Amino acid sequence: MAEHEIPPGYLDGYAGILAAASTTGRRLTREEVESRRTLGEQAADAGYGLRALVGAHLAATRAAWPAMPASTDSVLAAMQQAVDAFAEGYERAQRLAVRQEEAARREFIDDLLHGRSDLGRLAERAERFGLRLSHAHAVAVAQGRAAYDEADQVPRQVEQALIARFGDRSILLTTKDGRLLCVAPGNQDEVLTYFAKQAYAATDGGRVAIGRPQPGPGGVVQSYKEALGVLDLADRLNLDAPVLHAADLLVYPVLTRDRQAMADLVASALGPLTAARGGPQLLMDTLIAYFDSGCVAAESARRLSLSVRALTYRLDRIHQLTGANPADPAHRYMLQTAVIGARLLDWPAKPR
């Protein structure tokens, strides 16, 4: 903004203060300093640039200088105090505006992710942050070895990478409960894929879950909850993939939708393992390794650091106790479903 565009009101009283202070060589009074701070705050609130405002003060100093009998040093000292006070007020107003903006952004994000606000009002607020909630959106959640907030280096690093790659594409990057979140339009899979790659690298090997695109103002919270559910599944099932998609894991929510039925299946199919010497955990670990390796005995034995003969003995013991043979396709589905249910229900650590 050019100097002549600064309204004269923001220099109100400046020439008089300059003349009074420089003539005697005194410092500005408390009232004079506070008047400059107040004008600085008002100029910041009005949106004027600090560079143009300082330029206007310099121009006013040059215009008033010939009429002042004071020494150059006195005039410059008075100008320095006045401009410094003005800039202090300007910066104070800007810091307050930033804090208010951060508070508004955090409140919006909390409402967005928990669906606590009126959806119509939420959609209006979302436009301020670059989101059009009438469209479908998907959410990716990255969980690292540490908890993060928006002031940390990791979120800033990921945000800079996304901006450099995609620019302004209606992307919202934030943190919630120590995790990194990226909200992107549902038809822009490449954004969340790139976010997952950057977050994995920045968090030194964290895990990223991506929810399915969901439509409407409530779509973000649905996708967010899906992504959180995937992270919980990954912990319970020891899934080691760095990037997990909710769309690929839909069978697990289906299996746990009726928790009582699943608990009954676990008790019926795997309950007899509690009769094993030392408890059921050793044989449960055997079943997990066996099914995770595609029912290949040699690979299962390698994962368990056993000989194939020892593995076969354990599988036979499972058959004896449960009446179901893990190697028999007719029994395998029931046993594998029960094992998945046990892992989701944290059995046998938490007996049902």
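FYI, side chains are in, hydrogens and waters are out, and symmetry mates aren't considered; it's all heavy atoms of this structure. Here the structure is a predicted model, which means the values were calculated and not measured. Numbers here are sequence positions counted from 1.
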Q. Is atom CD of Gln80 surrounded by more than 12 heavy atoms (other residues, nucleotides or ligands) closer than 6.0 Å?
A. no
Q.
Holding to salt bridge (Lys or Arg N to Asp or Glu O under 4.0 Å), I want the full list of residues that pass it with Asp45, two or more places apart in sequence or in another chain.
A. none
Q. Just wondering, do Arg36 and Leu39 contact through their side chains at under 4.5 Å, heavy atoms?
A. yes
Q.
Working to the nearest 0.5 angstrom, can you tell me the gap between Arg179 CZ and Thr175 OG1?
A. 11.5 Å
Q | Selection residues 174-204 - residue pairs positive for ring pair (Phe, Tyr, Trp, His ring centres under 6.0 Å), sequence neighbours left out | A | Phe166-Tyr194
(Q) Side chains of Pro280 and Leu321, heavy atoms from C-beta outward: is any pair under 4.5 Å? (A) no
Q | Partners meeting side chain to side chain donor-acceptor pair (under 3.5 Å) with Glu88 (sequence neighbours left out) | A | Arg37
Q: May I ask you to test the Ile171-Cys182 pair for a side-chain heavy-atom distance under 4.5 Å?
A: yes
Q) How far does CD1 of Ile6 sit from CG of Leu53, to the nearest 0.5 angstrom? A) 4.0 Å
Q: Would you give the length of the straight line joining atom CZ of Phe108 to atom CG of Leu113, rounded to the nearest 0.5 angstrom?
A: 8.5 Å
Q: With sequence neighbours left out, write down each residue that passes side chain to side chain contact (heavy atoms under 4.5 Å, CB included) with Glu31, or none if nothing qualifies.
A: Thr29
Q: Output every pair passing side chain to side chain donor-acceptor pair (under 3.5 Å) with a member in residues 219-234, not counting sequence neighbours, ordered by first then second residue.
A: Arg212-Glu226, Asp232-Arg236
Q: For the pair Lys197 and Val208, evaluate side-chain contact (heavy atoms from CB on, under 4.5 Å) and give the outcome as yes or no after the intermediate values.
A: CA-CA 9 Å; Lys197 178 181 178 181; Val208 183; over 6 Å; no
Q: Tell me, with the steps shown, if Leu270 and Leu335 meet side-chain contact (heavy atoms from CB on, under 4.5 Å).
A: CA-CA 8 Å; Leu270 302 177; Leu335 270 178; 4.0 Å; yes
Q: Report the residues that fulfil salt bridge (Lys or Arg N to Asp or Glu O under 4.0 Å) with Arg145, sequence neighbours left out, ordered by chain and then residue number.
A: Asp204
Q.
Which residue is it: Leu133, Val139, Leu181, Val221? I am looking for the one with a side-chain contact (heavy atoms from CB on, under 4.5 Å) to Leu112.
A. Leu133
Q.
Suppose the criterion is ring pair (Phe, Tyr, Trp, His ring centres under 6.0 Å): which pairs have a residue in residues 257-293, not counting sequence neighbours?
A. none
Q: Go through the side-chain N and O atoms of Asp285 and Gln281 and say whether any donor and acceptor fall under 3.5 Å apart.
A: yes
Q. Is there side-chain contact between Arg317 and Gln320, with at least one heavy-atom pair below 4.5 Å?
A. yes
Q.
Going by the rule salt bridge (Lys or Arg N to Asp or Glu O under 4.0 Å), which residues pair with Arg303 if we only count those two or more places apart in sequence or in a different chain?
A. Glu299
(Q) In the structure I gave you, are the side-chain heavy atoms of Leu162 and Gln198 within less than 4.5 Å of one another anywhere? (A) no
Q: Please indicate whether Arg106 has more than 12 foreign heavy atoms, meaning atoms of other residues, nucleotides or ligands, lying under 6.0 Å from its CZ.
A: yes
Q: Please tell me if the side chains of Glu34 and Thr38 come closer than 4.5 Å, counting only heavy atoms from C-beta onward.
A: yes
Q) Which distance, rounded to the nearest 0.5 Å, do you find between the CZ of Arg26 and the OG of Ser74? A) 11.5 Å
**Q.** Criterion side-chain contact (heavy atoms from CB on, under 4.5 Å) on Leu237 and Tyr252, from CA distance to verdict
**A.** CA-CA 10 Å; Leu237 299 178; Tyr252 296 107; 3.5 Å; yes
(Q) To check you understand the geometry: which heavy-atom pair defines the closest contact between Leu28 and Gln81, and what is its length? (A) N-OE1, 2.9 Å
Q | Atom of Met68, atom of Ser22 and distance for their closest heavy-atom approach | A | SD-OG, 3.7 Å
Q: Measure across Ala289 and Ser300 and return the closest heavy-atom pair with its distance rounded to 0.1 Å.
A: O-OG, 3.6 Å
(Q) As an exercise, state the distance from CG of Leu18 to CG of Leu76, rounded to the nearest 0.5 Å. (A) 9.0 Å
Q. Got Leu287 and Arg314 here, is their nearest side-chain heavy-atom distance under 4.5 Å?
A. no
(Q) Which heavy atom of Tyr14 sits nearest to which heavy atom of Met79, and what is that distance? (A) OH-CG, 3.1 Å
Q: For residues 89-98, pull every pair meeting side chain to side chain donor-acceptor pair (under 3.5 Å), keeping only residues two or more places apart or in separate chains.
A: Glu41-Arg92
Q: Please collect all ring pair (Phe, Tyr, Trp, His ring centres under 6.0 Å) contacts where either partner lies in residues 67-89, sequence neighbours excluded, each pair once.
A: His57-Phe86
Q. Do Thr193 side-chain atoms and Glu190 backbone N/O form a donor-acceptor pair below 3.5 Å?
A. no
Tell me which donor-acceptor pairs under 3.5 Å the side chains of residues 238-250 have, and how far apart each pair is, sequence neighbours excluded?
none

Q: Assess the side chains of Arg156 and Gln153: does a donor N or O sit below 3.5 Å from an acceptor N or O?
A: no
**Q.** Listed once per pair and sorted, the side chain to side chain donor-acceptor pair (under 3.5 Å) pairs that draw on residues 260-279, sequence neighbours left out
**A.** Gln260-Asp264
Q.
For Val154, is there any backbone N or O sitting under 3.5 Å from a side-chain donor or acceptor partner on Asp152?
A. no
Q.
Could you check whether Gln143 and Arg207, counting side-chain N and O atoms only, form a donor-acceptor pair closer than 3.5 Å?
A. no
